[in-house]
Amino acid sequence: MKNRLSVIIPVYNGEKYLEETLEGLITQTVEDFEVIIIDDGSTDRTAEIAKKYCEEYNGFFYIYQDHEGVYAARNRGIEKAKCEYLLFLDCGDTLTENSVEAIFECSDKYDADIITGRCWYNGDIEYEYDKNLDILATMPQVEMLESSLLKNSELGAKAIRKKLFDLYKLRFYNLSAYGEMLLIMQAVMKGVKISGCSELILEKTVKPIEDGYSQFEMPSYENLKSAVYVFSEIYKMGKAAILKQTGQCDGDESYCQEIVYTAYQFYIDKFYRRYWYMEERTIQLMKDEFEKYAPLTRPERFKKLQANNIDIRLPKIYTDKKEAAEAPVFTIFFDLTDEKEYRPFLRSLYAQTYPFFELLVSESRFNGGAFPDEFKKMENIRVLPDKDFHSQGRKTANAKNCLEIRNGKPMDIRTLRETCNSKMPAFFVQYVFAQKRKTLETRRTLKDKGFNIEQK
C-alpha cells in the first residue's frame, strides 16, 4: 500500500533546524510516506530550504500560511494529509532511519489506531529516554486508562490513524500551550486500539539553555490557563470513561487520583520550579489550582507528592516573591569576569529545577552594560557595592549556604536541586556543588541509543 504515513511538520522561522529534520526523513528505510511542511509565516530561509527538498524528493510538499501558530499549522496539515496514519514532527526533531518501517510493521502486526514508540531527549543539559514512553513501548496493547498515557505528549513518537481525526472531528485547540496533551487524550478516550512499538525512536532536540525558554515553555499566565483547561478536560474525560465502564465514579478511583497527581506535579515542574519567571497572578492561579485539587486527593497520594518534592517545602507555596527572596537555601556570588558568559550562565541558573536561591551581584557588574536586562527584574537579585563585596555579602546573606560562581559554563538544570538534596554541613556546600556540576557534565552518554528494549 502506497503512502501509509503522512509526516506533518509545522515550522516557523526554523532555518537553523529544518534541514536536520528533513535529512532524517530522506534516509528512512522505506519510502511509503509523504512529508507535508507547513510554513507558518516564516520570515527567514525556511521557505527556501523546504522548497529545495520538495523539488528534489517525491512525496515532499510545501504549504505556506500566514502566521497563525503551531496548532493552526498542524490542523492545516491534517486537512491536506492523504495517508492512513499521521505523525506530527516538530522542526529540529528527527526520526531514526527505521522509524517509519517500524510503524508499518507494528500496524501490520497489531492493526493499532495509535502506535506509540520511544523518545530520546538529546541536548546539552538534558539527555535521556522518556521513561513513560518506554513503559508504553513494551505493551502490545495499551489499556485506555493506562496511567503512563497521561504523562507524555510527544507527538513525534506517535502515529495516529487519520480516520480518528475524520470520524471524531479531532483538531488541535487554539491554546497558548499544551494542546498536544489534550488531543492525544481525546484520541485515547475514544477507546481505540493502542499498541507500543519498541523500535520507533524519536530524537527530540532539546534547545541549548542559552537560547532561553520558548513561548510554549515559559511559565506565563496564559500558558498556565491553558494547562488548567487541559487537565480539567482530561479529568472530565477520565471520570466519564470510568462511569461508562463501571456505572459509577466518585473521583476516588486510582485513575482519577493519577490525573490529579499528574496535574499537581506538572504545575510544580513547569511553573513553580520556574518561580522567578512567574507573575504574581500566575503564582496565585497555581495556588488556587492546588487548593481546588486538595479535597480530591487521597492523603497517601499527597504524601507521595510531598516526598517527591521535599526540596521546595510543600505544602507551603510562596505567593509573595519578597518572602521567597528572603528565604533562600543558597546565596550565590556572581563572580564571572568574562562578559560573554553572563547571559548563557544566567539562563542556566534561572532554569534550575530548584528556585530558592538569591544572587548577589556587584554594582559594577550589574550596571556595566553586559548584565542582561531580562534578569535585572528578578526579585531574588541583590546588588552590593564593589568594595568588600564578598565580606558584606556573607554578613548579609539570607542563606546559610554560600556559593561562589567563577566558572561561567552553563549549568545542568539539576545541579542546585541535587546539591540541595545532599546532606552536608554548610562549610562543605561549595565542594559538593562543584562535584555535582562535574558529575552531571559527565553523565551524558549515547551508548544505549537505539537499544531494543524488548531485549532487556
Side-chain angles (χ1 to χ4, degrees), residues 125-126 128 131 151 209 213 217-221 223-224 227-228 231 257-294 296-332 346-359 375 378-382 397-403 411-424 426 429 432-433 436-437 440:
I125 59 171
E126 190 174 348
E128 59 188 356
K131 296 179 179 63
K151 299 170 184 175
I209 194 63
Y213 288 130
E217 297 169 315
M218 282 295 290
S220 65
Y221 184 68
N223 284 352
L224 180 54
V228 168
F231 279 110
Q257 289 295 303
E258 196 65 43
I259 296 173
V260 172
Y261 184 91
T262 301
Y264 259 126
Q265 192 62 60
F266 187 89
Y267 296 146
I268 289 169
D269 290 341
K270 300 297 185 182
F271 292 88
Y272 199 51
R273 288 189 180 277
R274 300 171 180 178
Y275 185 83
W276 301 108
Y277 283 103
M278 288 200 290
E279 299 176 292
E280 300 286 353
R281 61 174 181 167
T282 311
I283 300 171
Q284 186 59 54
L285 175 57
M286 186 196 68
K287 187 171 186 289
D288 292 344
E289 285 301 298
F290 282 178
E291 291 175 351
K292 182 181 78 175
Y293 280 124
L296 304 176
T297 310
R298 290 178 188 165
E300 63 269 21
R301 296 293 288 177
F302 192 75
K303 285 181 181 178
K304 180 182 177 183
L305 186 79
Q306 284 181 280
N308 289 341
N309 299 277
I310 194 170
D311 58 306
I312 57 170
R313 305 165 181 169
L314 288 181
K316 180 175 178 58
I317 297 292
Y318 288 97
T319 54
D320 183 340
K321 285 193 170 184
K322 186 172 186 261
E323 181 188 6
E326 293 173 351
V329 167
F330 299 108
T331 294
I332 298 175
L346 286 167
R347 282 183 169 171
S348 76
L349 177 62
Y350 280 91
Q352 290 295 303
T353 55
Y354 184 78
F356 298 123
F357 62 90
E358 68 173 348
L359 183 65
F375 298 106
M378 297 299 187
E379 290 89 336
N380 66 333
I381 291 180
R382 287 198 293 128
N398 287 310
K400 293 181 180 179
N401 303 311
C402 294
L403 302 171
M411 290 197 294
D412 186 296
I413 61 176
R414 297 162 291 188
T415 307
L416 283 185
R417 186 177 183 183
E418 290 202 4
T419 305
C420 175
N421 290 335
S422 299
K423 303 298 182 183
M424 65 219 154
V429 171
V432 172
F433 171 75
K436 289 294 180 185
R437 289 194 71 172
L440 290 169

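Residue numbers run from 1 in the order of the sequence given.
Between Tyr221 and Phe271, the distance separating the two ring centers is not shorter than 6.0 angstrom.
Atom CD1 of Ile268 and atom CD1 of Ile312 lie 4.5 Å apart (nearest 0.5 Å). Separation of atoms SG (Cys420) and CZ (Arg414) is listed at 16.0 Å; rounding is to 0.5 Å. For the atom pair CE (Met378) and NZ (Lys321), the distance works out to 7.0 Å, reported to the nearest 0.5 Å. With values rounded to the nearest 0.5 angstrom, Arg301 atom CZ is found 14.0 Å from Tyr293 atom OH. If you take CE on Met218 and OG1 on Thr282, they are separated by 9.5 Å, rounding to the nearest 0.5 Å. Atom CD of Glu280 and atom CD of Glu379 lie 6.5 Å apart (nearest 0.5 Å).
In plain terms, the two heavy atoms of Asn398 and Ala325 that are nearest each other are ND2-O, 4.0 Å. Across every non-hydrogen atom of Ala397 and Thr331, the tightest pair is CB-OG1, 3.5 Å. Closest of all the heavy-atom pairs between Val329 and Arg313 is CG2-NH2, 3.2 Å. Heavy-atom minimum distance, Arg273 versus Asn309: NH2-OD1, 3.2 Å. Taking each heavy atom of Thr319 and Ile283 in turn, the nearest pair found is CA-CG2, 3.6 Å. Looking at every heavy atom in both residues, Leu224 comes nearest to Met286 through CD2-N, 3.6 Å.
Remark: Lys270 NZ is loosely packed, at most 12 non-hydrogen atoms of other residues, nucleotides or ligands lying under 6.0 Å away. Within 6.0 Å of NZ in Lys400 there are 12 or fewer heavy atoms belonging to other residues, nucleotides or ligands.
A 4.5 Å side-chain heavy-atom check between Tyr213 and Arg347 finds every atom pair outside the cut-off. Between Pro355 and Tyr272, every side-chain heavy-atom pair lies at or beyond the 4.5 Å cut-off. Using a 4.5 Å cut-off on side-chain heavy atoms (C-beta onward), Gln352 and Arg417 make no contact.
The side-chain tip of Lys316 points at the ring of Tyr318 from less than 6.0 angstrom away and within 45° of straight on.
Look at Glu289 and Lys292 and you find a salt bridge, because one of the NZ, NE, NH1 or NH2 atoms lies within 4.0 Å of a carboxylate O, short of that distance. A salt bridge links Lys151 with Glu258: the closest approach of a Lys/Arg side-chain nitrogen to an acidic carboxylate oxygen falls below 4.0 angstrom. Taking the charged nitrogens against the carboxylate oxygens, Lys322 and Asp320 have no contact shorter than 4.0 Å, which rules out a salt bridge. Between Lys287 and Glu291, at least one side-chain N (NZ, or NE/NH1/NH2) sits under 4.0 Å from a carboxylate O, which counts as a salt bridge.
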Margin query: Determine whether Asn308 and Tyr264 satisfy the following criterion, side-chain hydrogen bond (donor to acceptor under 3.5 Å, both in side chains), listing intermediate values before the conclusion.
Written below: CA-CA 12 Å; Asn308 289 341; Tyr264 259 126; over 6 Å; no

Next item on the list: Would you sort out whether Leu416 and Ile332 count as a side chain to side chain contact (heavy atoms under 4.5 Å, CB included), showing the intermediate values?
Entry: CA-CA 11 Å; Leu416 283 185; Ile332 298 175; 4.3 Å; yes

Next item on the list: Would you check, one step at a time, whether the test side chain to side chain contact (heavy atoms under 4.5 Å, CB included) holds for Thr419 with Asn401?
Entry: CA-CA 10 Å; Thr419 305; Asn401 303 311; over 6 Å; no

Item checked: Worked check of side chain to side chain contact (heavy atoms under 4.5 Å, CB included) between Leu359 and Leu346 -> CA-CA 10 Å; Leu359 183 65; Leu346 286 167; 3.7 Å; yes

Check: What's the verdict on ring-ring contact (aromatic ring centres under 6.0 Å, His included) for Tyr350 and Phe357, showing C-alpha distance, side-chain angles and the deciding distance?
Finding: CA-CA 10 Å; Tyr350 280 91; Phe357 62 90; 5.3 Å; yes

Notebook entry, point to check: Are Tyr354 and Asn421 close enough, and set up right, to give a side chain to side chain contact (heavy atoms under 4.5 Å, CB included), and what steps lead you there?
Noted result: CA-CA 10 Å; Tyr354 184 78; Asn421 290 335; over 6 Å; no

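Side-chain atoms of Thr353 come within 3.5 Å of backbone N or O of Ile413 as a donor-acceptor pair. Gln257 places a side-chain N or O within donor-acceptor distance of the main-chain N or O of Arg298, the cut-off being under 3.5 Å.
Using a 30° and 60° split on the angle between ring planes, Phe290 and Tyr267 fall in the tilted class, from 30° to 60°.
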